[in-house]
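Got a structure here, written out as C-alpha cells. Questions coming.
Below, each value reflects all heavy atoms present in this structure, side chains not excepted, and no hydrogens, waters or symmetry copies. By convention in this document, chain letters (A, B, ...) are assigned in the order of the sequence lines, proteins followed by strands, and residues within each chain are numbered from 1.
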Protein chains: 2
Amino acid sequence: MFLSTRVRYGVRALIELGMNYQKQSVLLKDISKRQNLSLKYLDHIFMQLKTKGIIKKIKAKKGGYLLAKPPEKITLYEIIEAIEGVRRIECLDDENICSRSSHCGARIVWKRLNAKVDEVLKNITLKDFIRESKKFEQMDESVVFSV
Amino acid sequence: MFLSTRVRYGVRALIELGMNYQKQSVLLKDISKRQNLSLKYLDHIFMQLKTKGIIKKIKAKKGGYLLAKPPEKITLYEIIEAIEGVRRIECLDDENICSRSSHCGARIVWKRLNAKVDEVLKNITLKDFIRESKKFEQMDESVVFSV
DNA sequence: TGAAATTCTATTTATTTAGTAGGATTAATT
DNA sequence: AATTAATCCTACTAAATAAATAGAATTTCA
C-alpha cells in the first residue's frame, strides 16, 4: 500500500481539525506552521476535502476550517477518494476498455482484491488517527509531570 | 488498490506459465503474441521475476520460461515485490526519515494499514488466477460443444 | 555454425505527483 | 465603510515515476 504525500499531509491536517472537533475552527496557516507543510499545497488539498463534504470552511478573518462531520464517520477510503480519487485498475470500472474483459480470469481476482482493500480502507476512520495521536499527547504530559 | 501495468502484464504472463506448469516451457514471443503485449516490455518484467526466483529460464532455441515453483506457492505480494518493489510510505521502513516518527499517531495507523494490505496480497496466489482463468476456458469449450 | 531464444544497458516518451505563484473573493472586525 | 486576514481559484513549473522502445550481446540446441 502506497499513499501519496497529498493523502498523508491531508490526514495530518485532518487530525488537527479532529482534535478540535466541536471546539473551534483551525487556520490553515497554523496547520502549515505546526506541521511544517507548504500553505499553498495544503490549500489545494483542503479545496478537495471541502468539495467532497469532509470539511467546512469559515471564509473571513479569524475563519479557518472544521470537520463537517464527526471523526468516526470520516473513513480513510473517503479521504483518499477525495484527494487522489479512487485510482482503480481501469478494466474494473469499464469493461469495454479491454477486449479480454469478458473472459479474463485475472479481472475476477482484481475485483476480489479491490473489494478487500476497499473494506480495509473503509474500516479505518479519522477517529483511529486521533486516538493514536492522543496517546502520544498523554505520554508527553506524563513525562512532564514525572520529572 | 492500484497496480502498475507492469504488474498486470506480469501476472497475465505468469498465468500462461502456470497453465503449463510441469508440462513445457513457454516462449516470451508466444506470450507476447497471444496477450498482445510488447516483447521488449515483457523482457524487462521477466528479468525481474527471474532475479527474484519466481521463474526459471531455458536460454536457447526452443527455450523459454517456466515457473520456478508451484502456482500456489507464488503470492501476489511476491510478484508485486519483484516487479515494482514494495513501495511503502517511507517512514515505515526508516523512522529517521521524519522527525515526527517517534510521536506520530498517523504512523501507527499506517503500519496497521500496511500489515492488513500485505496480508491480503499474501493470501492471493497465482493459483487463484489460474483457477479463474480455467473457468473461462471450460465455458468456452462448453459453448463449442453445445452449438 | 546458424538460428532462435534470452540478457542487458541505455534511451526516450508519457503520465503523474509535488509544489509554487498570484490575484480574486469573502466577511468579521475596527 | 475600510481594512484585513482568511479562503478560493486558476495556471504554471519541476521532479519523479512509469511505460515503452532500441539494439546489440550472449547462450545453446539442432
Side-chain angles (χ1 to χ4, degrees), chain A residues 2-13 16-17 24-33 35-68 80 82-90 98, chain B residues 2-13 16-17 20 24-33 35-68 80 82-90 97-98:
Chain A
F2 182 77
L3 296 171
S4 66
T5 68
R6 241 159 39 243
V7 166
R8 286 179 287 125
Y9 290 0
V11 166
R12 278 163 60 185
E16 295 231 6
L17 299 199
Q24 78 261 22
S25 64
V26 182
L27 295 184
L28 215 49
K29 192 180 68 177
D30 292 337
I31 297 180
S32 148
K33 271 187 205 157
Q35 302 272 347
N36 196 29
L37 302 173
S38 148
L39 177 64
K40 287 293 187 179
Y41 201 33
L42 277 178
D43 176 9
H44 276 170
I45 297 168
F46 268 56
M47 247 167 67
Q48 294 177 282
L49 292 171
K50 194 179 68 80
T51 306
K52 295 285 181 169
I54 294 172
I55 55 179
K56 285 189 294 195
K57 58 103 215 305
I58 299 171
K59 184 178 182 179
K61 201 169 161 180
K62 299 233 173 187
Y65 290 96
L66 22 85
L67 294 186
I80 294 177
I83 297 180
E84 28 181 68
V86 250
R87 225 185 132 209
R88 291 222 186 78
I89 300 172
E90 306 89 10
C98 174
Chain B
F2 181 77
L3 295 170
S4 66
T5 68
R6 242 158 40 243
V7 165
R8 286 178 288 124
Y9 290 1
V11 165
R12 277 162 62 185
E16 295 230 6
L17 298 199
N20 281 288
Q24 77 262 19
S25 64
V26 183
L27 296 184
L28 215 49
K29 193 180 67 179
D30 293 337
I31 297 180
S32 148
K33 273 187 203 155
Q35 302 271 349
N36 196 29
L37 302 174
S38 148
L39 177 63
K40 288 293 187 179
Y41 202 34
L42 277 178
D43 173 9
H44 273 16
I45 296 167
F46 269 54
M47 247 167 65
Q48 294 177 284
L49 291 171
K50 193 176 70 77
T51 306
K52 294 286 181 171
I54 293 173
I55 56 178
K56 285 188 295 196
K57 59 106 213 305
I58 298 172
K59 184 179 184 180
K61 201 170 161 181
K62 298 236 173 182
Y65 289 95
L66 23 84
L67 294 185
I80 295 175
I83 297 180
E84 26 180 70
V86 252
R87 224 183 134 211
R88 291 222 186 79
I89 300 171
E90 307 87 10
I97 233 158
C98 174

So B:Phe46, base contact, sugar-phosphate only, or nothing? Heavy-atom distance under 4.0 Å.
nothing

Main chain of A:Glu84, side chain of A:Arg6: is a donor-acceptor contact present, judged purely on distance under 3.5 Å?
no

Between C1' on D:dT27 and NZ on B:Lys61, what's the gap in Å once rounded to a whole number?
13 Å

Is any side-chain nitrogen or oxygen of A:Tyr41 closer than 4.0 Å to OP1 or OP2 of D:dA14?
no

Mind listing the side-chain donor-acceptor pairs of residues 38-56 of chain B below 3.5 Å, one per line with the distance, residues two or more places apart or on another chain?
from    : atom 1 : to      : atom 2 : distance (Å)
B:Ser38 : OG     : B:Lys40 : N      : 3.3
B:Ser38 : OG     : B:Tyr41 : N      : 3.1
B:Gln48 : NE2    : B:Ile83 : O      : 3.2
B:Thr51 : OG1    : B:Met47 : O      : 2.8

Nearest whole Å is fine: how far is C:dA18 P from A:Ile45 CD1?
9 Å

Assess whether one donor atom and one acceptor atom, taken from the side chain of B:His44 and the base of C:dA10, lie less than 3.5 Å apart.
yes

Under 4.0 Å from OP1 or OP2 of C:dT7: is there any side-chain N or O of B:Lys59 that close?
no

For C:dT17 and A:Tyr9 - does any side-chain N or O of the residue sit under 4.0 Å from the phosphate oxygens OP1/OP2?
no

Please give the angle, rounded to 10 degrees, between the axes at the start and the end of the helix from C:dT1-D:dA30 to C:dT30-D:dA1, where five pairs define each axis.
10°

Tell me which nucleotide among D:dT7, D:dT10, C:dT6 gets nearest to the side chain of A:Met47.
D:dT10

N/O (side chain, A:Arg87) to phosphate O (OP1/OP2, C:dT17) under 4.0 Å
yes

Is there a donor-acceptor pair closer than 3.5 Å between any side-chain N or O of A:Ser25 and the backbone N or O of A:Leu66?
no

If you compare all heavy atoms of A:Glu90 against all heavy atoms of B:Phe2, which two are closest, and at what distance to 0.1 Å?
OE2-CE1, 4.4 Å

Please state whether the phosphate of D:dA20, meaning OP1 or OP2, lies under 4.0 angstrom from any side-chain nitrogen or oxygen of B:Ser38.
no

In this structure, how many angstroms lie between the P atom of C:dT6 and the CG atom of B:Leu42, rounded?
10 Å

With nearest nucleotides of DNA chain C determined for A:Ser4 and B:Gly64 from heavy-atom distances, which residue corresponds to the more 5′ nucleotide?
B:Gly64

Rounded to whole angstroms, how far apart are NZ on A:Lys50 and C1' on C:dT26?
12 Å

Please report, rounded to the nearest Å, how far the P atom of C:dT25 is from the CG atom of A:Asp43.
16 Å

To the nearest angstrom, how far is B:Ile89 atom CD1 from C:dA18 atom P?
12 Å

Provide, to the nearest angstrom, the distance between the CZ atom belonging to B:Phe2 and the P atom belonging to C:dT16.
8 Å

Measure the CG-CD distance between A:Asp30 and A:Glu16 for me, rounded to the nearest 0.5 Å.
8.5 Å

Where is the tightest heavy-atom contact between B:Ile31 and B:Ala13, given as atom of each residue plus distance?
CG2-CB, 3.9 Å

Residue mapping more 5' on DNA chain D - nearest nucleotide basis, A:Lys57 or A:Lys62:
A:Lys62

NZ of B:Lys40 versus P of C:dA10: gap in Å, rounded?
15 Å

